[in-house]
Amino acid sequence: MGEPSATDPGKPREQHVNNPGNAPTAPAARRRAARRRRSDLDVVTAWWQGLDGDGFLVLPPPNRCRYTQSDGHEDAAELHAARGLTGPVSFAYWHWQSHGRAFDRSGALRGELLLHWGGDHAAVAAGLGAGPAGFRVVDGGPQGAFRLDRITPRDEAGLPEPTDPDGVRQFLAALDEPVDRSAGVLRYRPLSPAEAAWLHERLDDVPDLSAATRFVVPLERRDGLTPDETGRLLRAWREEYEGRLTEWGAWEELVHALLRHRHEEAWEIVGDLGSRAAGVLSRVPSERGLAVVREAALAGHRAPVHAWLALHRSLHEPDAVRAAAALAAELAAHDLPETSLHGLYDALIGAVTADWRRETGAKHHAGRLYATLAVVRFATDARLPRALRVLAANAARDRVQHVREEALRPGQTVLTGVDTADALAAVDRYEAARAGLLSGTGPDLTGSEGRLGDVWHRYRTLTDADVRWLRDRVADPTTGLQGLGFCLELLHAHGLATASDVEALLPRRLKDLTKKYRTTYTEWRHPLVTLTCLALDLDHPAAGKLVSWWNGARPLWKDELRLLTHLGAPDEAKAAELWDVVTSPAHDVGQLMTWVLVRARLDGEHPLLVADRLFGSPGISEYVLHRVLIGVADPGQPLWHYAVDPRSVCWWRRAQEVAEHPGLSPEARAVGLRLAREHYLIRYPDQVSPAPTEAERAKALAWLARQDTP
């Protein structure tokens, strides 16, 4: 036997010698053929690169630098400038997150590719067309993304071939779509006999629990798991996920089936899950389930409060207001944190709105308006404790005029069954009681950043009561990083933070403050950034220790935020260091805004004028500069958001102010006007937070028309 081949040590050399014409072996031929075969990504990319047209741009396929939609819009602005385009251009792109979900490492499509866009929706739809051969592009509408996916065959019953992974994925995704995504409790269309049989067959064939997930979910959402299937799944679940039951993707559906079938091990499983089982228990009402969620809620967990109200209504008190009042009394008796009461308030509003929609058949828009009427009514409802009435009064503050506008609308109101005179009386009662209810209160600091951002506009000026509330929250040891960021930013930006605020946080909270908290999608900075700026401005003894921490090697997450602390006690050296970064390719997380504010403080002028002078400066991203220009319109409350937020009232008002500012260049004012035109108040008013009244939108449209009139 000859020596082993250098290229294939496992095969004798004779095989190569005896290969006529030195033709490739079968495995080598297959590998070369695979390389020649175009992947799905190749097909999509080739189609994509041929889409550019007049007034329509497609961005190149993404890399990791285009990770979000904001990055995509920034890339589009840069491409627009690089090509020397002057008029409005529509564009489309996908980002790295969509890419990773849609394609595997070999470039095979494994899920829908979301195609995001900007500009005119109709122009983008026309530019994208039907999609490449073998694929289709589905239009998600003016407020959604386009979706690219493979075209797959179906049989006469609408079922995919079980061996077709794309067809199966698409079929299951269609089953996963609720009848009404806006409903509080999601419902799904019933299965046809053929669909149910297909799912049961697939469930019988799966090799393991992980593969079963995608069939368990659509079946049990329609009460479809059989007792035998439930028992088999339970045994596999306990064996494979012992000690980590909630890591399996279909655990809620299986617990639902266990409770529905009264399986002997159901309550043992519920005990293992604890408060995490509350949502499932609310869908299978029982006294035992009520006792479990009540105990969890009274232990201080916020999430089970929704289930507690639902079960209490199902089993004892159908009236939502009386039920909520009873639960509020129990919460108060156990001296639970305010977050539990917020959970009860949310559950109450959701319950009465769902009841009304179910009774009237009303759609999502009408349901939102009815929820607004409910909060206005509850603010003065004597059946509710004051704490719940205060929460309702706070929620109604930006929404009460919607009720008045709807009640005064000529003709048929969307509030089916609501007496308009009664609605107007509720508005009058609310407005008379509002000041007394809201004095010294504030938003839920533990809620989502989005909800807090929605009320940011309220704090452009601060009352004495606002300042007291903010200081109390800063001093409260239970306030989390998000709440501290919100409150401390407001106090500092308005020049009202003091040494007592520094001392309330140091050293007692320093361990918490040095934890990572990303704030790239909010109007406030990391609270330790703000605290450092405050300490530097006050020349507080703690300033040196804070600066040393920022200059340390670890933790690494703080490195990109360190320069934001230069706004405290600024000097020319800090300004120069910031300038080096903002003119470099480094990703901007607030450095340019910080430089503009630093320069304005050093030169004693309005930051808008500083930003205006940057137009055309080498190394300055126009996209970032435009965001900064709007964000610094009020130096007493800068908008630190990662990108222009088209849904925010704050950004609309600042865009107006920039467009009207007499001291700015025509180029800067044009930026304000363009962003105002693109704001959702003009294009998609139902997406603005807080939602505008029709009168407010009419006023905005009239303002825009005046700007366009010579």
Using atom types as modelled and distance alone, determine if a side-chain donor or acceptor of [X] lies under 3.5 Å from a backbone N or O of [Y].
{"X": "Arg383", "Y": "Arg322", "answer": "no"}
{"X": "Glu694", "Y": "Glu405", "answer": "no"}
{"X": "His457", "Y": "Asp454", "answer": "yes"}
{"X": "Tyr430", "Y": "Arg377", "answer": "no"}
{"X": "Arg647", "Y": "Val688", "answer": "no"}
{"X": "Gln482", "Y": "Gly447", "answer": "yes"}
{"X": "Thr372", "Y": "Arg368", "answer": "yes"}
{"X": "Arg508", "Y": "Ala504", "answer": "yes"}
{"X": "His342", "Y": "Thr446", "answer": "no"}
{"X": "Ser275", "Y": "Ala296", "answer": "no"}

Test Cys487 against Leu445 for side-chain contact (heavy atoms from CB on, under 4.5 Å), laying out the working first.
-> CA-CA 9 Å; Cys487 297; Leu445 297 175; 3.8 Å; yes
Any heavy-atom pair between the side chains of [Y] and [X] that's under 4.5 Å?
{"X": "His540", "Y": "Leu506", "result": "no"}
{"X": "Thr594", "Y": "Trp640", "result": "yes"}
{"X": "His494", "Y": "Asp466", "result": "no"}
{"X": "Leu391", "Y": "Thr441", "result": "no"}
{"X": "Ile349", "Y": "Phe378", "result": "yes"}
{"X": "Glu449", "Y": "Leu452", "result": "no"}
{"X": "Ile269", "Y": "Val255", "result": "yes"}
{"X": "Leu528", "Y": "Trp550", "result": "yes"}

When the ring centroid of His641 is compared with that of Trp456, is the distance short of 6.0 Å?
-> no
Looking at [X] and [Y], what are the two nearest heavy atoms and their distance?
{"X": "Arg677", "Y": "Leu704", "value": "CG-CD1, 3.7 Å"}
{"X": "Arg697", "Y": "Leu681", "value": "NE-O, 2.8 Å"}
{"X": "Pro685", "Y": "Pro692", "value": "O-CD, 3.4 Å"}
{"X": "Ala700", "Y": "Ile682", "value": "CB-CD1, 4.1 Å"}
{"X": "Arg386", "Y": "Gly436", "value": "NH2-O, 3.1 Å"}
{"X": "Ala497", "Y": "Asp501", "value": "CA-OD2, 3.4 Å"}

Is [X] salt-bridged to [Y], going by a charged N under 4.0 Å from an acidic O?
{"X": "Arg409", "Y": "Glu406", "answer": "yes"}
{"X": "Glu489", "Y": "Arg525", "answer": "yes"}
{"X": "Asp180", "Y": "Arg357", "answer": "yes"}
{"X": "Arg451", "Y": "Asp444", "answer": "no"}
{"X": "Arg654", "Y": "Glu523", "answer": "no"}
{"X": "Arg404", "Y": "Asp428", "answer": "yes"}

Distance from [X] atom [atom1] to [Y] atom [atom2], nearest 0.5 Å?
{"X": "Asp645", "Y": "Arg627", "atom1": "CG", "atom2": "CZ", "answer": "12.0 Å"}
{"X": "Arg434", "Y": "Thr380", "atom1": "CZ", "atom2": "OG1", "answer": "12.5 Å"}
{"X": "Tyr370", "Y": "Asp355", "atom1": "OH", "atom2": "CG", "answer": "8.0 Å"}
{"X": "Arg399", "Y": "Leu373", "atom1": "CZ", "atom2": "CG", "answer": "10.5 Å"}
{"X": "Asp346", "Y": "Leu309", "atom1": "CG", "atom2": "CG", "answer": "11.5 Å"}
{"X": "Arg468", "Y": "Ser439", "atom1": "CZ", "atom2": "OG", "answer": "6.5 Å"}

Apply side-chain contact (heavy atoms from CB on, under 4.5 Å) to the pair Ser286 and Trp267, showing each step before the final yes or no.
-> CA-CA 12 Å; Ser286 70; Trp267 292 104; 3.7 Å; yes
Which word best sums up how the rings of Tyr459 and Phe486 line up, parallel for under 30°, tilted for 30 to 60°, or perpendicular for over 60°?
->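 Aromatic pair Tyr459/Phe486 classed perpendicular.
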Indicate the ring-plane relationship of His312 and His316, choosing parallel, tilted or perpendicular according to the 30° and 60° boundaries.
-> tilted
Sort out for me which residue in Trp651, Tyr684, Trp652 forms a ring pair (Phe, Tyr, Trp, His ring centres under 6.0 Å) with His679.
->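 For His679, the ring pair (Phe, Tyr, Trp, His ring centres under 6.0 Å) test succeeds with only one of Trp651, Tyr684, Trp652, which is Trp652.
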Check the pair Arg294, Leu311 against side-chain contact (heavy atoms from CB on, under 4.5 Å), reporting the backbone distance first and the verdict last.
-> CA-CA 9 Å; Arg294 176 182 178 276; Leu311 286 169; over 6 Å; no
Within 6.0 Å of CG in Asp539, more than 12 heavy atoms from elsewhere |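 Open.
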With a cut-off of 6.0 Å (strictly less than), are more than 12 heavy atoms of other residues, nucleotides or ligands near CD of Glu338?
->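 No, not enclosed.
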Please test Leu484 against Leu531 for side-chain contact (heavy atoms from CB on, under 4.5 Å), starting from the C-alpha separation and ending with a verdict.
-> CA-CA 10 Å; Leu484 286 176; Leu531 181 63; over 6 Å; no
